[in-house]
Number of protein chains: 2
Amino acid sequence: MVAERAEGGEQALATRLRLAVVRLNRRLRAQRGGAAVVTLTQISALSSLHQHGPMSAGELAARERVQPPSMTRVIAALAELGFVDRRPHPSDGRQTVVSLTAAGRAYVDVDVSIRERWLDERLAELTDEERAVLSHAVAIIHRMAST
Amino acid sequence: MVAERAEGGEQALATRLRLAVVRLNRRLRAQRGGAAVVTLTQISALSSLHQHGPMSAGELAARERVQPPSMTRVIAALAELGFVDRRPHPSDGRQTVVSLTAAGRAYVDVDVSIRERWLDERLAELTDEERAVLSHAVAIIHRMAST
DNA sequence: TATTGTTATACTCTATAACTATA
DNA sequence: TATAGTTATAGAGTATAACAATA
């Protein structure tokens, strides 16, 4: 154990962070109104494609830190929705290049924010300083999760 | 949409926070060494019992923000492991009172930290200031997730 | 009749193992 | 022989609907 464990009923930072992530994740997953066809995991993959451009299925799996078979299913679902294209790699016949379609790009740009209403409302209830803390924390978490 | 959407490829705070939570959650679920019999969800329930004492199954479900049938399964698994007891409510025959056993308390106190090694190591790589930011952010997230 | 909890069932998310096709 | 991807299968996590027992 590296981090200190504070006394007096206070829990270690790792414990509190773990519980916070598990519970917020649960709330976020629950926020899928009837119209929301795309799951959190799928949105995460779409976001990677949106941010980094077309890439192979394996590269996408590595970036999302999931195993290739898991990504195969995510890509298949997104392709069925018309949000991504799968094309053979020009020089390596083993690879599949995945890219956003226009519909996929539009989804990320616009419709995701509808899905995000609950979280936006919670964030709007915070002070500017609290939002700044969260913003900084998010950057730290992204760094940790990519390690 | 309430929170501002920053320009220049920067994503809104809600989007970045959602991705951070989804991805860290994924990493945390993956960290279950062979000996780790208890899942993240079960640990979360154990933590609630540890922090707030014995409570009814329904109260535990409400606190964890899951539906009663989901909590029934979690409690059944924890009871089978010997980490919780289920006893009839003294005055209301419909309710089941769930409480930590000595083994459950010992698990939360000691063994959970083994499970937490990966996260502890990541946290140890941060600066004091970054850990302070995360600690503050965790408090904010807990508040948001309880709303 | 309303509330508490459980059982039955189903869908999402993810993994490991085994397989196919290409390099 | 090694790599990229897919298929098959399984377990965790959660929900809704239907039910039983008690209030």
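Chain naming here is simple, since letters A, B, ... match the order of the sequence lines and numbering starts at 1 in each. In what follows, every heavy atom counts, from backbone to side chain, and hydrogens, waters and symmetry copies are set aside.
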Look at all strands and tell whether B/S91 reaches a base, only sugar-phosphate, or nothing, counting heavy atoms closer than 4.0 Å. sugar-phosphate
Any donor-acceptor pair under 3.5 Å from A/R122 side chain to B/A145 backbone: no
Indicate yes or no for a side-chain donor-acceptor contact from A/S44 to the backbone of A/L40 under 3.5 Å, with no hydrogens or angles considered. no
Specify the separation, in whole Å, of atom CD of A/Q95 and atom P of D/dG5. 5 Å
Mind calculating the distance between CG (B/D92) and C1' (D/dA20) to the nearest angstrom? 15 Å
Using side-chain heavy atoms (C-beta onward) and a distance below 4.5 Å, is B/Q42 in contact with B/V37? no
Considering just the side-chain nitrogens and oxygens of A/R26, establish if one lies under 4.0 Å of OP1 or OP2 belonging to D/dG13. no
Please state whether the phosphate of C/dC13, meaning OP1 or OP2, lies under 4.0 angstrom from any side-chain nitrogen or oxygen of A/R73. no
Classify the nucleic acid contact of A/Q67 as base, sugar-phosphate or nothing, counting any heavy atom under 4.0 Å across all strands shown. base
Examine D/dA12: is either OP1 or OP2 under 4.0 Å from a nitrogen or oxygen in the side chain of B/T41? Give yes or no. no
Between B/S56 (side chain) and B/T96 (backbone), is there a donor-acceptor pair under 3.5 Å? no
Can a side chain N or O of B/S70 be found less than 4.0 Å away from OP1 or OP2 on D/dT14? no
Taking 4.0 Å as the cut-off, does a side-chain nitrogen or oxygen of B/R65 come that near to OP1 or OP2 on D/dT14? no
Return no unless some side-chain N or O of A/T39 is found under 4.0 Å from OP1 or OP2 of C/dC13. yes
A/R29 CZ to C/dC11 C1': how many Å, rounded? 12 Å
Can you check the B/I75 CD1 to D/dG13 P distance for me, whole Å? 15 Å
